[in-house]
Structure formats: structure tokens, C-alpha cells
Amino acid sequence: MPPVGMEKEYQFKEVERRWYELWEKSGCFRRPESLDGESYTIVMPPPNVTGVLHMGHLLNNTLQDVLIRRARQNGRCVFWQPGTDHAGISLQVVVEKKLIKKGINPKELSREEFLEYARQWRDDHGDIILNQLRHLGVSCDFSKKVHTLDPAYSRTVLAGFVELYRRGLIYRGRRMVNWCPKTQTAISDEEVLMQTQKGTLYRMRYEIVEDPGNFIEISTTRPETIPGDVAVAVHPEDPRYQHLIGKHARRPFPEVQIPIIGDNAVLRDFGTGALKITPAHDPVDFAVGQRHGLSAIDVLTPDGRMNELAGSELCGLTRESARGKAVQMLRERGLLLAAEDYEHSVGISERSGVPIEPRLSDQWFLSYPCVERAKAAIQNGVIQFFPRRWEKTYLHWLDNIQDWCISRQLLWGHRIPVWYRRGCDRRDPANWHVSLVGPADPENWERDNDVLDTWFSSAFWPLGTLGWPDAKAMAKHNFDFFYPTATLITGPDIIFFWVARMIIMSIAFLGGDMQQIVPFRAVYFTGIVRDSQGRKMSKSLGNSPEPLDLIGQYGADGVRFGLLSIAPQGQDVLFDSVRMEQGRNFCTKLWNACRFRILQGNLEMPPGIIQSFMMAEDESILHSLIDLTQQMELAFSQYEFHGAVQRLEKFFRDDYCDWYVEVCKTRMRQDESQRAHILMLQDIILRHYLQLLHPFMPFITQELWHAMGYSGDEKFIQNVPLKTAEQLKKIATISPNNVAMVAELRETINIIRAHKSFLGLAKQTQLRIYYHSENRRAAILKYGTILCFLCGLGELIDVDSLGGRPTTLTPWGIFAIDAPNNIDNKQELERLRKEIEVMERNIANNETKLNSKDFLSRAPEKIIAGARTLLEENRDKLMKSQKLLAALE
RNA sequence: GGGCAACUAGCUCAGCGGUUAGAGCAACCGGUUUACAUCCGGUAGGUCGCAGGUUCGAAUCCUACGUUGCCCACCA
């Protein structure tokens, strides 16, 4: 097929738009209908419908797309599952705010009315991120998109709940939970962020009832909870207070007698060593209360205000203002002894940013199943983490795992599939109905108003998207073929929220061999994208670039390549738009190199290597290509994309463009007969290189694949089988001697270039160069033209004596540029002296080493031999350099 | 309080027991003989955080310390 014309400039915008459209239209991102060979599945971490596309999405989805496209090249049966998450609390907050703006009070709406608004909002905004990701070139199967609130996926989630309940792992209980007073729902431990805050530690005293006029001193940071005190606790073995145990203290407001008790939970050396016990508002106190049969007095309302039990003076105040008021009341009563500045940790609700309130309430909890097996999956390597260090974090979490509060007092989400018998005690399990379909006589039942934690629903993501647990749906989705998925790409910040829970649920619900039931075989944890100064990207700092603008400016390929080039495995990425620019520049380079090949004309010969035309530099570039291919194979097996893109670029710029193509120019000028052979080799190299590069830069490689006429029957490069390094080796015989000789030639050229630069002769292109060589005369003769061309010199002349000219030492002999007599060789002299100095030092070091008995007796033979060779080489080189120096001086 | 990571050239990072520690960017010098100035050639720049130890040999392994970042933790 004749190559189509190529424009002088690469128009990435037009190219990227055109190919993406073609790809989608052709359905080549779709999960194949016929299931041939091995599957390769990735589930995309579903973006929140409330989310905004950010740099993290770009990095994450680039990595997934790289793996997916490479898998297609390797002939795998690929399925990349996209989707969106309903984002429970986050969406509810957004919609409530919007309603209030419109003058609608969300609290006055019925459940259904509110949900209608919420659904509308989701339908309007939910797919924005997925659509934006198309600009990045993601090749997921959009036709299989799943949303966590889709009816089918909802059934998965609720079926999971029902089954866990049936197994006795989900239970309802009145327990201390993290309460968010702002959103007024319980949240899980993982959603509480501990923050150090400056506060005040108050020292106060309660009077001993049995011993009027005497007091017990107590430390607290929360005087506003005094009305909830039901006891004072001391350590049972604390000699200061032992005698008070069994007596009573007078709680100041509302005034009442409370017992003084002994409990081991009290730390003797903290504060005064006496602790006020407020079971309704502190987890430790709650435990103490349980042990001593104390009641709990809840003095707060759900929105964080004091209630009537707090007494008339405090009732109605917020937590914060009640604290000030309580301090004032203590002072008035002469009970406040001190108020010291105090730094301590406070739990903050991740979602709303306000301090959480430990609160006693009726909630649904999950006792995690299969914890030991979930640990084993990592320990035995059934699931591999990249980088490995996250394994420890994961295992540590599972070692200390607590039951999970999964109910949320929200409207937006999967409503808990539990019904309570109307008018009966909801705490009695006899009055519960738990099922997917609900009770047969619904009129006698009321459904639980709560919904499930969003993370509970995402725990089923790899299962539910493939139809689990419905047998028909699973068959339709070819569950058995596509499960387990290959690699999960996500951030380490959700290792507990999501990764661990998916592993647990999958193991809990699927039976059989661990290899077959884990949700994925590898997890790659990305770093966080930060700004160039290492700060987190945030709206308020204004340091977060707009992803779509970046793509518009540098092209999707440029952005992908740039991002990967600065994203070492598991390390944070310091964003720098200069890198995107480099990515774009590399596209231009690639474009020009291919354009140059096209300008050389069509190739009329059938493909295949003609050994008789093969020259050392051909073998050398093929060797580099094979080496690159091998490195790519290794990189993919180790998830080392950062190094991979750097190697790809280095090969292309240094080995192919700046070396091989330049050599070819000379050769073709010298000898037209080689033309076809050279062009064919370039085609072989470019063709394979485009394939290697394709996962990273899908658009330009596709465009060039087409423009270069490589497409043949298969229009899309991603579907063309990629040759392995082993297969490549078969296309030609490569002699290591020839490769080594080319390496010497390249080094010789580098040295002569530097020499010329040192002498300030860069502008002179027609100067002659003299040489004297002991054993490389034939090679120099053969490659003379190339050498002159690449060094920008005129003519090469073999001489016995180089006279007094400034000379330089290369692997191929001594070279001397025919410089004007008055040339300033000061710099060259200096360089030579420095080089001699370094060499002398090295020789001395090496001699010492080789004179050491210990070294000779203990070091391996190979190392000793290496040291000997090096010493000899250096001595020889030193001798020659000294001669050169003498001649120059 | 416990844990994890990082510390190598001005910046971002490779190297993770064996010859003289590398790359990209930035800096500096120089270059357009028709693929490419979105390019090419060259130069300079490092006692590998600090102190010990193991070893014939340490940037690399061990220990302590320092600095920074992150995670976990119910001292009120």
C-alpha cells in the first residue's frame, strides 16, 4: 500500500479527534464476543459522579490504558470495565445545597421527591468525567458502563448484604459510632481523620459527698459534657484515690451525686489521674460504663447542640459555645482550678470537616469475614502489590480490624433491605425481615430508612460488574472467563476503603482455589500528583492545572508520555508542564523521523532481510531494538513505566535518529544499491518501534502506522500482534563482534567531536583529519566517510607520524585535526592533564588492590581478572596520553 | 506513642555488594550541508544526609542519629 502524504507539521488535535472517533465507531474497545485465548480484565476505579477530572485521574487512567493496549497487542481477550460511583454522602450534600439555593428546603421533601432531584442531578453530571477521559484516549468498553445505583448492580449489593446477614456477620446494635453532626449520619472509623488541634485542658474539682469540703481533682478537655457524667473513675491501685472508691462525687450541673469507681482504663500519670465518666460521649467512658453497669446520659442533639438533659443553662447551645458556658459555670462555683493550653488529636469528619461526635446509636455493623484468608492472599503472593511496601500497611490494618458500621442516615444510596414489623420493638430480631424482595405482607412492615455506606457497595465492584450473584447474568457477562481481573490501578489512600474490602468480599463469596477467587492478581498503587514544589494540588492554591487544557495544549500523547516520565513506581509525581512539553516535542520528533522515511520513497521489495547487504551498524541497531524490546517486557512485568518511557525515548533519539539514520544517509549517498535494503530495515525498525510505543502514545503511533502504510489488513495498530524479543532475534544474525565494533566507532566519533569542540573548530567543516592506528586501519577506512560526516570533517588521511598537531586518543587510534598552526590548544592541554591525573589515580588504586593478599584470596576470579585487564588498559592509555601531552607541550 | 518511606549533580530521579556513580531538565560553549531549532554536538557540576559497623570491596548490607513526608493509634 503506498504511503499517504504526511503534512510537515504534526496536527495532534485533528489526529486525536479523528482516530478516537474511528476507534469508537468501529467498536474496537469493546469486549470481544468470541472468547479466544486468555482474558485480560481491568475494572476502572469508578469516579464519583460528583467528582471533577483532575491530574490523578489522568495518571491513573493512562496507566490502565497502557496495560490494556499492551494486552491487546499481546493477543489477550481484553475487557476494560468503566463505571461511575453514586458517591452517597457527597452527592446528597451537593443536591441539598442546590435545592436550598433554589429556595427548596430539602428537609421538607419526601424521600421519593428528594431522590428524584438527586437522580436528575446524577443523570446531568454523572458521565462528565468518563466523557472527559475520552480526550486522553482511554480504550475502555463504554458500552458496558456500570453505575453503582443501576438496578442490576444494586441487586448485587443488597444480595451481598442479605447473605452476610444470613451468615450472622451483619448485625444491628446500639453502639458507640462516629457521628458527623453536620451531615447527621454515622460514619466509619476510616472516614475519621485524626488532626492535632490546639485546645485547653481544664483542671476542675468535684466535691466528695461523704467528706464535705474535700474535693477530687479531674482533668477534662470537654467540660460541656459534664451533665452527661455518671461517675468519676480512678485507677484501682492508685494510692492517692484508693480510699475514695465507693464514695460519691458531686457533679456540679445539673447537680447530682455520682459514684467514684475504680477501673484499669484510667491512666494514673495523665492529668490528675481521675477521669470523669461520660458513657454517651466517649468510647473509653462507654466501655467503663458497660463494665460498671452505668447508664448513659446523652446530652447532645444529632446536630451537635446541647439538649434538655444538659440543664436549662446549656440547653440549645452548640457544642462549642456550651464549652465556654460550662467553663464559666465551673468558675462561678469555684470549681475550676486551671486551664492550660493543650495540643491533642481530634477526630474530624473526612467529608464535612467538622469534629466528629462519639455517639451512641442503633446501627448496622459488619463483622469482616475471611480476614485471615485476605491476609494470606497477600502473604502467599496470590495478589501482588506494587510497590511491595503497601503489603505491610494492608496486613497491619487487617490485624487490627474492627467491625464496620455500614448504615448511613442518608437518602441517597442502597436502602438497607430490612423491614421491621409495624409498631413492634425494632431492637428485637424477631421483628425483622431481611431479604431482597421484602415481606409478603408489606402493609404490616416498615422498611429501614438508612442506606449503606458507599464503600460497602464498591466492595462488590469486580463481582457485580460481571453479574454476580445472578447465574444468568454471570453467564451473560462470561464471569468465569473475565474473572479474576488482572491488575487494579488505584491510589494507596483507598487501600482500606476499597482494595482490602474488595479482596475480603470476593474471598467471602466465591468458592474454590484462591487463584480463581481473588478479585485481581496485582495492585499497582500510584502516587499523588503534586505541584512542582511538592505541594498537594488544590483549588484554593490554584496550583492544579486543568487536565483538558493540558491535553489541548500538548496533546493526549504528550501529556501521557510526560506524566509517565515523571511517575516512578509508587512515588508522588511532581507535576511540571515542561515534561508535557517534552512529550509533545517527542511526538514532533517521531513525526519528522517518519516523514523523513516517507520522503525516501516507496519500497518495492518484498519484506525480508538480505544478509549480503547487512552491515555492522544494521546489526547494531537491530541489537538495540531487541534489547529495547526485552527491556519493555521486563518493565511491563515489573510495572516500571517510568523507566520504560525514558528508554523508549532514548532509543529513538540517540540510537535511531541521531546515529542510525545519519549513518544511513551517508551510506545511501555512497552506494545507491543499498538503498532498498536500508529503507527496508528502517521500516522494520519503525514498524516495531511504533508498536512498542503505542500503549504510551496511542494516537500518533496509530496515525503513523496508517500514514507509513504499515496497516495492511489490520487498520488498528493495537490489534497487531507484537513480536517478542525472542521472535525478533530470528530476523537476522547479529554478531557480538560487530555490535562491539560499532560501539567503538561511536565512541571514537564522540571523542573526535569533543576534541574539535575543545579546539574551537566547530564551524570548520572541511578540515582534514589525520590518524595513526595500530590495528583498526581497515575499520577506519571502511567507516571513514561516516566518521567524517558525523564529525563534520573533510577528509581522512592515514599517516605514520602526526607531527606536532593537537591529537586525541580514541579506541581506534590517535587522531589529529588539521588545525591552523596558531591554534589555541590550551583547553585541550588542560583536559589532557586532567585526564592523565584521573588515570594515574585509578592505576594507583588498582595496583594497591591487586597487591592486596586479602583481595587476591577472597575476591571472585572474575573480579580479579577484570581488575587486571583494567590496569593494563589504563597503563597503555596513560602511556599514549603522556606521549600526546609531550608532543603538545 | 508505633510504623512506612525518602535523603545521590542547582532541580527531578536512575543505580541497591564488584571496574573510573549515571540520565533528563536547568546552566554554559558551539552548531541549520533540504526530516526535525518542537532540533543537533559539546562542556562543567557529586567527599551518594551524618556517625559507626560488616566485608577483600559499601551509594548499595547492618546499627544509631538527623531532616522531611505519609500512615496508624480511645492519654481524658
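Numbers restart at 1 for each chain; the letters A, B, ... are given by sequence-line order, proteins then strands. Just so you know, these numbers come straight off a predicted model, no measurement behind them.
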J.: For B/rC39 versus B/rC25, give the span between their P atoms, rounded off to a whole number of Å.
T.: 9 Å

J.: If each of A/Ala867 and A/Ala274 is mapped to the nucleotide of RNA chain B with the nearest heavy atom, which maps nearer the 5' terminus, i.e. the 5' end?
T.: A/Ala867

J.: List for me each residue that meets side chain to side chain contact (heavy atoms under 4.5 Å, CB included) alongside A/Val346, sequence neighbours excluded, and say none if there are none.
T.: A/Gln197, A/His344, A/Ile348, A/Pro355

J.: Taking atom CD of A/Glu14 as the centre, report whether more than 12 heavy atoms of other residues, nucleotides or ligands fall under 6.0 Å from it.
T.: yes

J.: Say you pick atom P in B/rU43 and the same atom in B/rC48; how far apart are they, in whole Å?
T.: 24 Å

J.: With a 6.0 Å cut-off on the ring centroids, do A/Tyr394 and A/Phe385 count as close?
T.: yes

J.: Start at the 5' end of RNA chain B and walk down; is the nucleotide closest to A/Arg584 or to A/Asn845 reached first?
T.: A/Asn845

J.: What does A/Lys392 touch in the nucleic acid at a heavy-atom separation under 4.0 angstrom: a base, only the sugar-phosphate, or nothing?
T.: sugar-phosphate

J.: Students often mix this up, so state it plainly: with edges at 30° and 60°, are the rings of A/Tyr660 and A/Tyr656 parallel, tilted or perpendicular?
T.: tilted

J.: Checking all strands, does A/Gln582 fall into the base, sugar-phosphate, or nothing category for heavy-atom contacts under 4.0 angstrom?
T.: sugar-phosphate

J.: Name the nucleic acid region contacted by A/Lys8, choosing base, sugar-phosphate or nothing; use a 4.0 angstrom heavy-atom cut-off, strictly under.
T.: sugar-phosphate

J.: In whole Å, what separates the C1' atom of B/rA6 from that of B/rG42?
T.: 34 Å

J.: Scan A/Glu190 against the nucleic acid and name what it touches under 4.0 Å (heavy atoms): base, sugar-phosphate only, or nothing.
T.: nothing

J.: Ring of A/Phe596, cation from A/Lys665 - is the NZ or CZ under 6.0 Å from the centre and inside 45° of the axis?
T.: yes

J.: Determine, for A/Arg240 against A/Glu217, whether the closest basic-nitrogen to carboxylate-oxygen distance falls under 4.0 angstrom.
T.: no

J.: Using a heavy-atom cut-off of 4.0 Å across all strands, would you classify A/Asn842 as base, sugar-phosphate, or nothing?
T.: base

J.: Say we look at B/rU33 and B/rC40: how far apart would their C1' atoms be, to the nearest angstrom?
T.: 13 Å

J.: Answer with base, sugar-phosphate or nothing: what part of the nucleic acid does A/Arg203 contact at a heavy-atom distance below 4.0 Å?
T.: nothing

J.: Counting any heavy atom closer than 4.0 Å, what does A/Pro492 reach on the DNA or RNA strands: base, sugar-phosphate only, or nothing?
T.: nothing

J.: What distance, rounded to whole Å, do you find between the two P atoms, one in B/rU67 and one in B/rG22?
T.: 33 Å

J.: Under 4.0 Å from any heavy atom of chain A: name the first and the last nucleotide of RNA chain B that qualifies, 5' to 3'.
T.: B/rC4 to B/rA76

J.: Is the count of non-hydrogen atoms from other residues, nucleotides or ligands lying under 6.0 Å from A/Asp341 atom CG greater than 12?
T.: no

J.: Rounding to an integer number of angstrom, what distance separates B/rU68 and B/rU32 when you compare their C1' atoms?
T.: 47 Å

J.: Using the P atom on both, measure B/rA23 against B/rA44 and round to a whole Å.
T.: 12 Å

J.: Counting any heavy atom closer than 4.0 Å, what does A/Lys536 reach on the DNA or RNA strands: base, sugar-phosphate only, or nothing?
T.: nothing

J.: Determine the Euclidean distance between corresponding P atoms of B/rG1 and B/rA76; express it in Å to zero decimal places.
T.: 13 Å

